[in-house]
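Following: one structure in structure tokens, then a few remarks.
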There are 2 protein chains.
Amino acid sequence: MDVMSSVVDPGTGAASERIAADLRARILVGEIAPGERIRQEEVAERLGASRIPVREALRMLSAEGLVELETNKGARVPRLDEREVEVLYRMRERIEPLALIQSMPHLSESDLQRIEGIQEQIEQGVDVTAFLTLDREFHMATYAGCATDQLLASVTRLWNSTQHYRRAFMMINGPGRQWIVNAEHRLLLDALTRNDAEDAERYLVGHIRRTRMELTKHPEIFTP
Amino acid sequence: MDVMSSVVDPGTGAASERIAADLRARILVGEIAPGERIRQEEVAERLGASRIPVREALRMLSAEGLVELETNKGARVPRLDEREVEVLYRMRERIEPLALIQSMPHLSESDLQRIEGIQEQIEQGVDVTAFLTLDREFHMATYAGCATDQLLASVTRLWNSTQHYRRAFMMINGPGRQWIVNAEHRLLLDALTRNDAEDAERYLVGHIRRTRMELTKHPEIFTP
DNA sequence: GGGCTTGTATCTGGATCCAATCTGTGGAAA
DNA sequence: TTTCCACAGATTGGATCCAGATACAAGCCC
């Protein structure tokens with residue numbers, strides 16, 4: 001009907017996955033805010049598909065923690081309060097060190113170089129959006145060696161669910177105290193290079209825990 | 001087409017949820033084994049519905065870790081190897097203590113009495129299937145006070161994914177060493193009654209960790 | 001005879017249409 | 001004026017039908 005803007009794009013072959021990818025990106029970037037409703041038909045006609053694959057996509061996103069579904073009432077991006085985000089961060093403090101420990105033995109030299117490359121990009125000074133992306137890439141790269149799908153999926157859910165509030169925090173506070181993140185990342189990276197699991201876990205927990213405490217010190221993030 | 005056997009049943013109002021509940025029960029009870037495929041049409045006609053709600057149900061179960069979906073290849077119950085189950089147990093060792101700590105402050109006197117009632121049932125001697133159900137109820141009851149959906153959902157996923165291997169273990173080993181479980185449960189329950197979070201966490205971790213080590217000592221569970 | 005190709009049956013993915021539920025607005029009665 | 005109810009538009013859930021992909025088996029070529 002509308003211009004098939006991406007005629008060339010063969011997609012992944014599955015429409016529902018393309019739709020999920022589109023919505024995922026829009027939610028993570030903040031284009032669709034917490035509390036906002038997602039109507040099936042609107043998405044369907046915007047992407048030139050029927051509502052069926054949209055529903056499948058919404059189920060996928062629900063499993064990723066990016067939307068919540070209520071029977072007969074549709075889908076919306078979850079709006080979390082201060083306490084829920086705090087618990088999600090405490091989950092991160094326990095799960096991500098495990099992912100790191102499981103991953104470490106399988107990280108190659110080139111993996112570590114790639115991680116350091118990401119950190120160098122972060123240190124060159126980037127805006128909030130770019131930082132959020134690079135920070136996520138940094139940590140996910142450190143977990144990439146862990147072979148268990150469920151573990152990676154859990155970590156992804158936690159990052160997804162808290163993404164909006166990380167952004168809100170940085171929008172308000174600016175990039176100030178960025179040096180702390182850099183220091184933490186560098187210490188973590190050094191521990192990985194030394195293959196010191198104990199230190200790596202220590203720095204990672206500290207990194208997440210500090211972020212949690214900073215976030216929960218700013219209640220204005222949770223009341224829009 | 002076939003006899004509308006449950007014409008009277010209004011269900012929960014949503015067919016996909018009823019279908020999901022049916023499949024969930026059959027998988028958890030071992031009626032559908034790991035590796036087994038689930039065909040949409042077969043389920044649909046057995047429950048007198050079309051394939052659409054079946055697909056929704058499969059997506060729900062996928063989010064719960066009970067099935068895995070592959071594009072154009074359908075759904076099957078995940079078959080895990082020894083290493084995957086070990087990682088899932090290590091996740092349990094980290095996540096469930098958090099759920100317990102978050103839950104404890106909200107557990108009432110009657111909650112604790114109910115938990116003790118479940119433990120008394122376990123101690124009266126039950127078969128494997130009943131034990132699996134009661135053990136799950138016992139622990140879930142201790143987590144019931146934790147108000148965060150994502151935390152409970154994570155715990156549920158971990159129990160779901162490992163359920164089959166717990167059952168396989170008990171089928172082989174018989175109910176021997178049941179006294180250990182009872183002792184651990186009693187110590188945990190006592191710590192909860194004393195409102196001693198530190199002890200509660202200690203006993204819970206020990207309980208899960210011991211189970212993990214017993215399970216991973218029996219590779220025959222994972223090679224059917 | 002073995003390996004590759006091809007054809008067909010089976011199954012999943014998606015589109016369209018219909019039914020059931022929710023939401024919001026307007027009006028009537030207290 | 002406020003509250004409750006009823007009705008209509010909007011939105012989701014489900015059924016049926018069609019298209020595309022996969023899997024398996026028979027047949028062909030080397």
Side-chain angles (χ1 to χ4, degrees), chain A residues 1-24 26-27 32 35-63 66-79, chain B residues 1-24 26-27 32 35-63 66-79:
Chain A
M1 206 49 53
D2 64 342
V3 201
M4 293 276 286
S5 46
S6 51
V7 176
V8 201
D9 180 15
T12 320
S16 58
E17 289 168 15
R18 284 182 354 93
I19 297 173
D22 179 275
L23 287 174
R24 185 184 300 119
R26 292 177 60 197
I27 294 171
I32 311 179
E36 195 167 334
R37 189 167 171 190
I38 301 177
R39 286 189 304 281
Q40 297 175 6
E41 181 131 9
E42 189 254 337
V43 176
E45 80 178 38
R46 193 171 53 78
L47 299 186
S50 95
R51 280 172 40 225
I52 298 286
V54 174
R55 278 157 65 177
E56 305 268 331
L58 290 173
R59 291 276 180 204
M60 297 184 208
L61 297 177
S62 167
L66 287 173
V67 307
E68 57 188 2
L69 305 177
E70 206 172 352
T71 306
N72 283 328
K73 293 180 76 176
R76 61 180 62 241
V77 179
R79 189 203 302 277
Chain B
M1 206 49 55
D2 66 341
V3 200
M4 293 277 286
S5 47
S6 52
V7 176
V8 200
D9 180 16
T12 320
S16 59
E17 289 168 14
R18 283 182 353 91
I19 296 173
D22 178 275
L23 287 174
R24 185 184 298 117
R26 292 175 59 197
I27 294 171
I32 311 179
E36 197 166 333
R37 187 166 173 191
I38 300 177
R39 286 189 304 279
Q40 298 175 5
E41 180 130 8
E42 188 254 338
V43 176
E45 83 178 35
R46 193 171 54 79
L47 299 184
S50 94
R51 279 171 43 223
I52 299 285
V54 174
R55 278 156 66 175
E56 305 268 329
L58 289 173
R59 292 272 180 208
M60 295 185 210
L61 297 177
S62 168
L66 287 173
V67 306
E68 57 188 2
L69 305 177
E70 207 171 350
T71 305
N72 283 327
K73 290 180 75 175
R76 61 180 63 239
V77 179
R79 188 205 304 274

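Model, not experiment: these values are computed from the prediction. Just so it is clear: chains get the letters A, B, ... in the order the sequence lines come, proteins before strands, and each one is counted from 1.
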Using every non-hydrogen atom in the two residues, find where [X] and [Y] come nearest and quote the distance to one decimal.
X: B:Arg24; Y: B:Leu66; value: CG-CD1, 3.4 Å
X: A:Pro53; Y: A:Ser16; value: O-CB, 3.6 Å
X: A:Ala20; Y: A:Ala57; value: N-CB, 3.6 Å

- [ ] Map A:Ser16 and A:Lys73 onto DNA chain C by nearest heavy atom, then report which one ends up closer to the 5' terminus.
- [x] A:Ser16
Open item on the list: Determine whether a donor-acceptor pair (N or O, by modelled atom type, separation under 3.5 Å) exists between the side chain of B:Arg76 and the backbone of B:Gly35.
Closed with: yes
Could you please name the option among [options] that lies closest to any side-chain atom of [X]?
X: B:Ile52; options: D:dT12, D:dT22, D:dA15; value: D:dA15
X: A:Pro53; options: D:dA15, C:dT21, C:dG14; value: C:dG14
X: A:Arg39; options: D:dG13, C:dA15, D:dT11; value: D:dT11
X: B:Arg55; options: C:dC22, C:dG13, C:dT12; value: C:dG13
X: A:Gln40; options: C:dA15, C:dT12, D:dT12; value: D:dT12

Can you tell me how far [atom2] of [N] sits from [atom1] of [X], to the nearest Å?
X: B:Glu41; N: D:dA15; atom1: CD; atom2: P; result: 13 Å
X: A:Leu69; N: D:dT11; atom1: CG; atom2: C1'; result: 14 Å
X: A:Arg37; N: D:dT11; atom1: CZ; atom2: C1'; result: 6 Å
X: B:Leu58; N: C:dT12; atom1: CG; atom2: C1'; result: 11 Å
X: B:Glu70; N: D:dA21; atom1: CD; atom2: P; result: 16 Å
X: A:Leu47; N: C:dA15; atom1: CG; atom2: P; result: 11 Å
X: B:Asn72; N: C:dA9; atom1: CG; atom2: P; result: 20 Å
X: A:Glu17; N: C:dG13; atom1: CD; atom2: C1'; result: 11 Å

Open item on the list: Can you confirm whether A:Glu41 is buried at CD, in the sense that more than 12 heavy atoms of other residues, nucleotides or ligands lie under 6.0 Å from that atom?
Closed with: no
Task: B:Arg51 (side chain) and D:dG14 (base): donor-acceptor pair under 3.5 Å - done: no
Open item on the list: Within the 4.0 Å heavy-atom criterion, would you say A:Ile38 contacts the bases, only the backbone, or no part of the nucleic acid?
Closed with: sugar-phosphate
